[in-house]
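Step one of this worksheet: look at the structure below.
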Amino acid sequence: MNWELNLAILLAGVATFLLRWLPLRQNPGRHRTLPEAATRILAGIGPAAITALLTLSLASLVQFPLDNRALAIAAALVFIVVCKRFLGGIVIPTLAGALVYGVIAAL
Amino acid sequence: MLIQVLRGLASSLSIAAGYLPIAFGFGLTALQAGLSPLSTVLTSVIVFAGASQFVLVALLTSGAGMLSIVGTITMMNARHLFYGPTLRPWLLADRRRLPTPLLAFGLTDEVFATALGQREKLPPEQRQAWFLGLQLGAYSAWVGGTVLAIIFGPGLGELPRFAEATLEFILPALFFVLLLEVGVRHWAGVIALTILVTLGLSAFLPGYHALVLGMLAGAAANLPERST
């Protein structure tokens, strides 16, 4: 039983790895120019992926009827904007925003 | 090269801060579900894919067949198919210094998003080493968090409420910061359409399907010619 379980884990890992690797793999000598539309969609994938991840992660925190988590989210997002504007970078605004959320959500 | 790897490691700090508690939670969940410590660590070492690891544990312990396990995990992670083509022109703009399997192994949502946020700031010859460092930091935190759960999890009491809440908001905060980094005004149409479609579909579909469809719909908003 244990070897079957570990085999399933291994196969799931291989499948995940292939999803990440195959599109990144470069085939030497086959440089194709993508059509304009594909280039535009690929350019938009990044911001769209970040937005979709943010949307789902925030949606999972919001509960109805609204509790102080909704207020905590709003306060944290505003704090992050301010923090990012004046301090820049990624790490400090992220951790500071999470701390603001944590304090308000725990009230 | 080493300096760039270290810079990548430093850039992974916010990802690591988010991954540690989630991986810790994964470790506890897997142990409680009856997985051995070895299988639990193996999952984080080999799969390295947040939400799908939780689903994997649920499937394993429910006695699901091999085919449905691998099929479900593949579907859940199908969005990763779009990350490679987006990053490839940027990552491989210079000659290939590192093998692509090494660059692809740790390409998680957060690694992808962080790389996008930073991509304007790195010259081509530094990108692969920086990206490797970014992945290493994220991967170490993920595997480390799982190992910590196995060592300390069973004897650990409950965290204070504010600490729990802080930890649950690290990844949303990271995504928001990264969105600011890529430029909210520049991508306003893409962002608005992604939110609408993702939220709308998440009412009917599992989150990972809503994510992929929302992402594609939002990206399609970039199709019309920009005036700027």
Side-chain angles (χ1 to χ4, degrees), chain A residues 2 4-17 19-26 34 37 40-61 69 72-73 76-77 80-81 84 90-91 93-99 101-106, chain B residues 13-14 17 39 42-43 46-47 49 56 60 66 69-70 73-74 77-78 80-82 84-86 88 92 100-101 103-105 107 109 113 116 161-162 165-166 169-180 182 187 190-191 194-195 198-199 202 207 211 214-215 218-223:
Chain A
N2 211 30
E4 273 183 35
L5 190 138
N6 288 337
L7 180 63
I9 293 169
L10 180 67
L11 289 176
V14 169
T16 303
F17 170 72
L19 289 171
R20 290 171 178 164
W21 176 53
L22 290 178
L24 192 68
R25 194 170 59 102
Q26 197 176 37
L34 287 172
R40 286 186 160 278
I41 288 186
L42 283 180
I45 283 280
I50 298 171
T51 307
L53 289 163
L54 174 66
T55 303
L56 285 181
S57 60
L58 289 182
S60 70
L61 295 176
R69 280 182 171 193
I73 290 172
L77 295 184
I80 286 172
V81 171
K84 182 94 180 89
I90 290 176
V91 177
T94 300
L95 298 180
L99 195 63
Y101 172 86
V103 170
I104 297 176
Chain B
L13 200 62
S14 47
S39 297
L42 203 64
T43 308
I46 295 177
V47 182
L56 178 64
L60 286 171
M66 195 81 75
I69 290 174
V70 177
I73 299 304
T74 305
N77 293 327
H80 292 157
L81 279 173
F82 301 102
T86 305
R88 190 173 57 190
L92 304 179
T100 49
L103 294 171
F105 182 75
L107 187 50
D109 297 323
L116 274 184
R161 174 74 193 107
F162 98 91
T166 299
F169 199 73
I170 286 180
L171 288 182
L174 174 64
F175 293 137
F176 186 59
V177 171
L178 292 171
L179 197 59
L180 295 177
V182 296
W187 296 104
V190 170
I191 291 169
T194 305
I195 292 173
T198 307
L199 268 186
S202 65
L211 185 86
M215 187 172 90
N222 195 43
L223 268 178

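Bear in mind that the values here come from a model prediction, so they are computed numbers and not experimental data. Side-chain atoms are counted along with the backbone in the values below, which use heavy atoms only and exclude waters and symmetry mates. Order of the sequence lines sets the chain letters (A, B, ...), proteins ahead of strands, with each chain counted from 1.
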Exercise for review: Measure distances from A:Ala59 to the heavy atoms of chain B and classify the residue's part below 4.5 Å as side chain, backbone, both or neither.
Suggested key: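 The side chain, not the backbone.
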Point to revise | Atom group of A:Leu99 that falls short of 4.5 Å from chain B, counting heavy atoms | key: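 A:Leu99 touches chain B through backbone and side-chain heavy atoms alike.
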Exercise for review: Against chain B, work out which of A:Ile104, A:Leu7, A:Val103, A:Leu53 has the most heavy-atom pairs shorter than 4.5 Å and name it.
Suggested key: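 Ranked by contacts with chain B, first place is A:Leu53.
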Exercise for review: Give the member of A:Ala106, A:Ala12, A:Ala48, A:Ala105 that has the highest number of heavy-atom pairs under 4.5 Å with chain B.
Suggested key: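 Option with the greatest count: A:Ala48.
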Picking from [options], which has the most non-hydrogen pairs under 4.5 angstrom with chain A?
| options | value |
| --- | --- |
| B:Leu179, B:Ile170, B:Thr74 | B:Leu179 |
| B:Gly207, B:Ala78, B:Ser39 | B:Ser39 |
| B:Leu81, B:Leu42, B:Ile69, B:Ile73 | B:Leu81 |

Could you pull out the closest heavy-atom pair between [X] and [Y], with the gap in Å?
| X | Y | answer |
| --- | --- | --- |
| B:Phe175 | A:Ser57 | CD1-OG, 3.9 Å |
| A:Leu58 | B:Pro172 | CD2-CB, 3.9 Å |
| B:Pro101 | A:Phe17 | O-CE1, 3.6 Å |
| B:Thr198 | A:Ala52 | OG1-CB, 3.8 Å |
| A:Gly44 | B:Val190 | O-CG1, 3.9 Å |

Check your understanding: Between B:Asn222 and A:Ile41, is any pair of side-chain heavy atoms under 4.5 Å apart?
Key ->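 Not in contact.
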Practice item. Mind checking side-chain contact (heavy atoms from CB on, under 4.5 Å) for B:Leu180 and listing every partner two or more places apart, or none if nothing turns up? Key: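 A:Ile80, A:Val81, A:Lys84, B:Phe176, B:Val184.
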Check your understanding: Sequence neighbours excluded, which residues qualify as side-chain contact (heavy atoms from CB on, under 4.5 Å) partners of B:Ala49?
Key ->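 Scan of B:Ala49 (side-chain contact (heavy atoms from CB on, under 4.5 Å), adjacent residues dropped) gives A:Thr16, A:Arg20, B:Val47, B:Ser52, B:Asn77.
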Practice item. Nearest 0.5 Å please: distance from the CG atom of A:Leu54 over to the CG atom of B:Asp109. Key: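 These two atoms lie 12.5 Å from each other.
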Exercise for review: Answer with side chain, backbone, both or neither: which region of B:Ile195 has an atom nearer than 4.5 Å to a non-hydrogen atom of chain A?
Suggested key: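 For B:Ile195, backbone and side chain are both near chain A.
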Exercise for review: Name the region of B:Val177, side chain, backbone, both or neither, that has any atom closer than 4.5 Å to a heavy atom of chain A.
Suggested key: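 Both backbone and side chain.
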